Amino acid sequence: MNNVRVRFAPSPTGHLHIGGARTALFNWLFARHNKGIFILRIEDTDRTRSTEEYIDSIMEGMKWLNLDWDEGPYRQTDRFDVYRSYCKKLIEEGKAYYCYCSPEELEQRRQKALAQGKSLRYDGRCRNLKKQGQGENAAVRFRMPQEGQTVVNDLIKGETVFDNSQLDDLIIMRSDGTPTYNYTVVVDDVDMNITHVIRGDDHLNNTPKQIHIYSALGYKVPLFAHLPMILGSDKARLSKRHGATSVMAYKDMGYLPEALVNYLVRLGWSYGDQEVFSINELIEHFSFDNVGKSAAVFNPEKLLWLNSQYIIRAEPENLIEPVKPFLIKEKIIEEGRAFNEEWLSKAISTLQERSKTLLELAQSLGYYIGNDVEYVVKAKEKFLNEKYIANLTGIKEALAALDNFTSTGIEKVFAEIADKLNTKLGNIAQPVRVAITGRTESPGIFEVLEIVGKEKSLKRIDRAIKEINEGKKG
RNA sequence: GUCCCCAUCGUCUAGCCCGGCCUAGGACAUUGCCCUUUCAAGGCAGUAACACGGGUUCAAAUCCCGUUGGGGACGCCA
């Protein structure tokens, strides 16, 4: 498929959320797969709800996910002249007409229809009005055909037939002269030569209306691909009730963008049994042929698992930059602190398979980087007591005498002391672990000691012994 | 109320278009075991699904119809 042009067209009335990100991603993948163009278009015709902040925030989210666009951001508010001129033409050709009903009247009629169980569609009362004076405070409605059928041929859903009698004369220009969505989307998709409209299936019902606008304007309709929705755990539309929905919230929780992308793409798309994909694999394999039709429930646990997989598979040095903000946030380092990167990479490498998020990674890094540790109460109670004081003292002396302070050297010392004190390795390793990390779980204690270093390690064991002795007196 | 979409393990899905290879495969979660200095990671094993009812056919998860259930739309929102 050549000259593919697709667009992501969010309205800046909120942050980039999970659903929007998935739509953007599928557009982006389709464009990249076909070596086409991916356009960002901001649909900000609702001036009361759109804000500059949300525009920035949406772009920030897309950048974080590495969904780069080739054109745009275009803004509909910059294009009002275009919509007006097309609209004028439609009115002149009798394809659109002025409507003098007020929003209040309309709302009343809707309520009444609802109560009576009747159709909520516009009753068409201004449709054949003779006056058609250059309506001051009049809205403009599009004249829909009332008979016949319209077929939407969707790349994902297949063929859907709508009775034109179901379509109502929608407003294309508000009485304040600003255009509305179903109209601007068509004008823009025509002007921008969009070849494939890829969006959520909540727009499927709008499609027949838009098809008529295309033909009224004299244009060929693009191809459509309506993506299934993403639902929350209760199968209701995904919302804040179900947890974080904004993309940047996942960044803040310590997720890697690649993991989110991987998770999102598997919501509705599959490639055999494969679960983990590189971006290039995604681009290579993406097609609407293997996009499913049914809605998917957002499952945070699987996202978390994928994130842990991405952390495990990363090169440790590639985790340094991403983890820094979390080290700062956790007050483990000061902003701008320099590191011995080789040392830090080594520390990170011991923690990768134990960290599901960058936040967890940062928290564990605390016992490598910090000058001191805080004991977890239960860990201290269980292992920093008289029962282990001999073991701690014994290992401390042996470690102090060790010149070759590497994990292999340390391991030998532990074995010797265990033998000498006639105790199991665990009876030495666990109290030392608590003394060094403050916790009962950590990477292998020999490598932890090596990375923490001889000086700090001895200091921490000393402190543990001191605390036990003080506890005895008190 | 009207219209539209959808329906395989708790969840994401493979299989469905082109019926037999399906005693329905994989993944997350969950349970047990192995490995082990702890926690993980990893390995192995287990529990668990074709919504229901009719057809068509020698044969249906796969095709058709209906029912039920879920979702969406019906805005001077997008």
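Only a predicted model underlies this, so the values are computations on that prediction, with no experimental measurement involved. No hydrogens, no waters, no symmetry mates; every other heavy atom, side chains included, goes into these values. Quick note on labels: first sequence line is chain A, next is B, and so on, each numbered from 1.
Within 4.0 Å of A/Gly200, counting heavy atoms only, lies no atom of the nucleic acid at all.
Separation of the P atoms belonging to B/rA60 and B/rG55 is 12 Å when rounded to the nearest angstrom. The C1' atoms of B/rU11 and B/rU62 are separated by 23 Å, rounded to the nearest whole Å. For the P atom pair drawn from B/rC21 and B/rU38, the interatomic distance equals 47 Å after rounding to whole Å. B/rG42 and B/rC17 are spaced 36 Å apart, taking the P atom of each and rounding to whole Å. Only the P atoms considered, B/rC64 is 34 Å distant from B/rU47, to the nearest whole Å. Using atom C1' as the reference point in both B/rG15 and B/rA27, the two lie 15 Å apart (nearest Å). Between B/rC65 and B/rU56, the distance separating the two P atoms is 15 Å to the nearest Å. Between the P atoms of B/rC35 and B/rG25, the separation comes to 29 Å (whole Å).
Residue A/Gln309 places at least one side-chain N or O closer than 4.0 Å to OP1 or OP2 of B/rG42. Contact annotation: A/Ser270 side-chain N/O to B/rA14 OP1/OP2 distance is under 4.0 Å. Side-chain N/O atoms of A/Thr45 include one lying less than 4.0 angstrom from OP1 or OP2 on B/rA78. Within the structure, a side-chain polar atom (N or O) of A/Lys356 is placed less than 4.0 Å from OP1 or OP2 of B/rA41. A close approach under 4.0 Å does not occur between any side-chain nitrogen or oxygen of A/Arg110 and OP1 or OP2 of B/rG1. In this structure, A/Thr160 reaches the B/rC5 phosphate: one of its side-chain N or O atoms is under 4.0 Å from OP1 or OP2.
Counting non-hydrogen atoms of neighbouring residues, nucleotides and ligands closer than 6.0 angstrom, the OH atom of A/Tyr271 reaches no more than 12 such neighbours. Shown here is A/Lys454, whose NZ atom has more than 12 heavy atoms of other residues, nucleotides or ligands within 6.0 Å.
The residue among A/Glu447 and A/Phe298 whose nearest nucleotide of RNA chain B is located toward the 5' end is A/Phe298. Where A/Arg354 and A/Gln166 each meet RNA chain B at their nearest nucleotide, the meeting point lying more 5' is that of A/Gln166.
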Show your reasoning for whether ring-ring contact (aromatic ring centres under 6.0 Å, His included) applies to A/His15 and A/Tyr54. CA-CA 6 Å; A/His15 299 288; A/Tyr54 286 137; 5.1 Å; yes
How far apart are the C-alpha atoms of A/Phe288 and A/His226, what are their side-chain angles, what is the distance that settles it, and do they pass the ring-ring contact (aromatic ring centres under 6.0 Å, His included) test? CA-CA 10 Å; A/Phe288 290 123; A/His226 285 96; over 10 Å; no
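Across every strand in view, B/rU47 sits unpaired, with no contact that passes the Watson-Crick or G-U test at under 3.5 angstrom. B/rA41 is unpaired under the criterion used here, namely a Watson-Crick or G-U wobble arrangement in which both key atom distances are under 3.5 Å. In this structure, B/rU62 makes no Watson-Crick or G-U wobble pair, since no nucleotide meets both defining distances under 3.5 angstrom. Checking B/rG10 for Watson-Crick or G-U wobble geometry (two distances, each under 3.5 Å) identifies B/rC28 as its partner. For B/rC18, there is no paired base (Watson-Crick or G-U wobble, both distances below 3.5 Å). Using Watson-Crick or G-U wobble geometry with both donor-acceptor distances under 3.5 Å, B/rA73 finds its partner in B/rU2.
In this structure the side chain of A/Tyr74 never reaches within 4.5 angstrom of the side chain of A/Ile42, judged on heavy atoms.
You won't find any donor-acceptor pair under 3.5 Å spanning the side chain of A/Arg121 and the base of B/rC74, going by distance alone. One can find a donor-acceptor pair under 3.5 Å joining the base of B/rU37 and the side-chain atoms of A/Arg433. A/Ser175 contributes a side-chain N or O that forms a donor-acceptor pair with the base of B/rC76 under 3.5 Å. For A/Gln116 against B/rG1, no side-chain N or O and base N or O form a donor-acceptor pair under 3.5 Å.
We find that A/Arg125 and A/Asp169 are not joined by a salt bridge, their nearest charged nitrogen and carboxylate oxygen being 4.0 Å or further apart. Classification of A/Asp188 and A/Arg7 as a salt-bridged pair fails, no side-chain N sitting under 4.0 Å from a carboxylate O. A/Glu105 and A/Arg109 are joined by a salt bridge, as a carboxylate oxygen and a charged side-chain nitrogen come within less than 4.0 angstrom of each other.
Whole-Å rounding puts the A/Arg439 CZ to B/rA40 C1' distance at 12 Å. The distance between atom CG of A/Leu167 and atom C1' of B/rU2, rounded to the nearest whole Å, is 13 Å.
For the pair A/Arg22 and A/Phe26, the distance from NZ or CZ to the six-membered ring centre is under 6.0 Å and the angle to the ring normal is within 45 degrees.
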Distances under 3.5 Å between nitrogen or oxygen atoms of protein and nucleotides 62-71 of chain B:
none

